[in-house]
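Every number for a ligand or one of its atoms is a count from 1 in the order of the listing. The residues of the chain are indexed from 1 along the displayed sequence.
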Amino acid sequence: MARVRLENVCKSYDNSEHMAVSDFSLEVQDKEFVVLVGPSGCGKTTTLRMIAGLEDITSGGLFIDDRLVNDLEPKDRDIAMVFQNYALYPHMSVFDNMGFALKLRKRPKEEIAAAVNEAARILSIGHLLDRKPRQLSGGERQRVAIGRAIVRHPKVFLMDEPLSNLDAKMRTQMRAEIIKLHKRLNTTFVYVTHDQVEAMTLGDRIVVMKDGLIQQIDTPQNIYDTPANVFVAGFIGTPQMNLFHGARLVLAAGDYYVRMFGREFLLPEEKQQILKGKGAAEQAVIAGVRPDDFELTAGGSGITALPDLGEVMGSEVILHVRIPKEGVGIADLSEAEGVVESDDENLNWVGAVIVQKGGASGSTEAVSILPDASKINLFDPATQANLLL
Ligand code: ATP
């Protein structure tokens with residue numbers, strides 16, 4: 001059993017004004033897989049190192065199973081950490097690397113051998129036990145680093161970008177293995193990455209961070225469907241969510257609509273209820289529509305858009321289009337000048353990215369598109385917060 005709770009945890013290095021982590025509160029449930037994700041420098045590693053006890057906490061409380069552990073030595077926390085750079089001892093065999101922590105604890109030889117062999121079996125590296133780290137591939141080294149953590153039977157596993165040194169194919173493979181490992185070990189995992197795909201696929205819950213602050217904590221699906229703010233909307237999901245700055249929330253006969261590109265889209269019942277509950281007034285909004293949530297319509301009944309570029313992905317094409325602003329005809333569009341995605345107010349069009357299912361059409365003829373109104377997100381231009389949360 002291991003729950004990890006952080007209460008208003010702050011960290012400033014060298015007691016400077018700059019907070020690497022501010023007011024971080026999170027409760028990781030027993031056996032949960034939580035992923036901390038965010039751009040470089042947002043404080044992910046610092047948070048993980050504070051949990052491990054490798055970094056002092058400036059203020060706030062860190063609890064493991066309701067026990068305050070702020071001042072507990074790392075070795076007494078029953079936590080194992082897997083680092084990005086593996087940190088294997090080059091002169092030791094794989095077996096000795098994996099058994100080292102138990103040897104330090106003066107465990108009997110038989111117990112060490114049993115634990116190492118069991119971990120090697122779980123990770124399918126039994127045939128590598130006599131080798132030195134330099135005789136291993138990146139993926140194999142990564143397994144050894146994980147194996148070294150497993151042998152200690154920790155209550156909590158901390159992983160800091162463990163896959164970032166691997167090539168794309170190996171990363172995908174190891175990602176699947178980490179999911180299986182979590183199921184098999186049935187322990188609490190806290191995992192740090194800057195890769196939003198890794199976060200989405202691994203986490204029971206994701207913590208999105210920026211500038212030392214938590215932006216959102218939720219399941220991958222909820223974060224994808226309803227990002228808390230413009231930053232999260234742009235960070236989670238590829239291609240990125242389209243953000244249309246010129247949109248407006250309109251109230252007519254008791255119903256809310258989003259007005260964009262000269263059209264009004266009735267919001268679905270669930271979103272009506274949220275906005276009514278808040279008593280939302282008509283206002284300018286940033287409308288967020290994922291590239292997948294546009295449909296190409298036949299017969300020109302939708303919004304007209306001009307494709308500039310199509311990235312062929314096989315099963316789909318990622319279309320970069322220019323959508324004329326209200327009152328502008330397709331023939332009057334100013335040039336893209338190489339910049340397809342743009343929200344420049346001097347231009348008479350807005351750039352958007354649309355996923356077109358099926359094979360390539362390759363055509364640069366104007367298309368007609370409609371957003372799925374049930375999936376539109378609305379952000380307040382002033383606070384950047386999602387009005388639907
Ligand atoms: P990355 O993905 O690049 O590893 P991160 O999100 O893990 O980034 P941290 O390493 O936690 O970010 O760093 C958070 C902030 O704290 C950054 O502004 C960083 O410069 C600063 N920082 C990190 N370690 C130290 C240190 N030892 N001394 C001073 N400042 C530090």
Side-chain angles (χ1 to χ4, degrees), residues 4-26 28 33-62 69-71 73-74 77 79-88 138 141-142 145-146 149 156-168 170-172 174-175 178 188-203 205-218 220 223 227-238 240:
V4 179
R5 193 167 89 245
L6 294 99
E7 265 181 20
N8 309 106
V9 167
C10 297
K11 171 73 183 178
S12 92
Y13 287 99
D14 314 324
N15 289 321
S16 67
E17 292 269 300
H18 174 73
M19 284 285 173
V21 175
S22 302
D23 211 17
F24 190 107
S25 294
L26 167 74
V28 184
F33 197 134
V34 167
V35 179
L36 311 184
V37 70
S40 184
C42 72
K44 313 175 290 284
T45 297
T46 300
T47 306
L48 204 69
R49 287 174 61 84
M50 286 193 285
I51 300 174
L54 301 173
E55 215 57 79
D56 289 337
I57 293 173
T58 307
S59 65
L62 171 68
V69 298
N70 285 30
D71 298 321
E73 286 291 312
R77 293 189 186 194
I79 279 176
M81 185 149 165
V82 180
F83 298 91
Q84 176 179 356
N85 60 8
Y86 319 139
L88 299 175
R141 265 180 232 161
Q142 188 55 65
I146 294 172
V156 183
F157 265 92
L158 305 179
M159 296 191 168
D160 189 0
E161 306 247 12
L163 309 185
S164 58
N165 290 342
L166 306 178
D167 64 37
M170 184 59 92
R171 259 205 317 267
T172 311
M174 282 300 289
R175 211 160 64 202
I178 286 177
T188 311
F189 274 47
V190 184
Y191 187 105
V192 160
T193 181
H194 64 272
D195 178 345
Q196 52 95 17
V197 176
E198 227 167 88
M200 291 288 287
T201 48
L202 290 173
R205 281 191 304 158
I206 298 178
V207 179
V208 185
M209 296 179 70
K210 180 186 171 234
D211 299 337
L213 287 166
I214 293 179
Q215 304 293 306
Q216 189 168 14
I217 305 176
D218 212 326
I223 289 182
N229 55 37
V230 170
F231 169 78
V232 178
F235 190 74
I236 298 285
T238 43
Q240 273 194 16

Does any pair with a residue in residues 50-62 pass salt bridge (Lys or Arg N to Asp or Glu O under 4.0 Å), and if so which ones, sequence neighbours excluded?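 Applying salt bridge (Lys or Arg N to Asp or Glu O under 4.0 Å) to every pair that reaches into residues 50-62, excluding sequence neighbours, yields Lys11-Glu55, Arg49-Glu55.
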Can you see which heavy atom on Cys10 is nearest to which on Met19, and at what distance? CB-SD, 4.0 Å
Tell me which part of His194 gets within contact of ligand 1: side chain, backbone, both or neither, using heavy atoms under 4.0 Å. neither
Relative to ligand 1, is Met209 under 4.0 angstrom through side chain, backbone, both or neither, heavy atoms considered? neither
With sequence neighbours left out, what residues match Arg205 under salt bridge (Lys or Arg N to Asp or Glu O under 4.0 Å)?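 Here the qualifying residues are Glu32.
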Looking only at protein heavy atoms, which one is nearest to [atom], and what is the separation?
{"atom": "atom 3 (O) of ligand 1", "value": "Ser40 OG, 2.6 Å"}
{"atom": "atom 2 (O) of ligand 1", "value": "Lys44 NZ, 2.9 Å"}
{"atom": "atom 12 (O) of ligand 1", "value": "Gly43 N, 3.2 Å"}
{"atom": "atom 11 (O) of ligand 1", "value": "Thr46 OG1, 2.5 Å"}
{"atom": "atom 10 (O) of ligand 1", "value": "Thr45 CB, 3.8 Å"}
{"atom": "atom 17 (C) of ligand 1", "value": "Gly41 O, 3.7 Å"}
{"atom": "atom 30 (N) of ligand 1", "value": "Tyr13 CD1, 3.2 Å"}
{"atom": "atom 16 (O) of ligand 1", "value": "Ala20 CB, 3.3 Å"}

Does His18 have a heavy atom less than 4.0 Å from any atom of ligand 1?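 Contact present.
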Examine ligand 1 and decide if any of its atoms is less than 4.0 Å from a heavy atom belonging to Gly38.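 No.
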For Glu161, counting its heavy atoms only, list the atoms of ligand 1 lying under 4.0 Å from any of them.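 Near Glu161, the atoms of ligand 1 are 2 (O).
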Would you mind listing which atoms of ligand 1 come within a distance below 4.0 Å of any non-hydrogen atom of Cys42?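 Every atom of ligand 1 under 4.0 Å from some heavy atom of Cys42: 5 (P), 6 (O), 12 (O).
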4.0 Å protein heavy-atom contact status of atom 19 (C) of ligand 1, strictly under: no
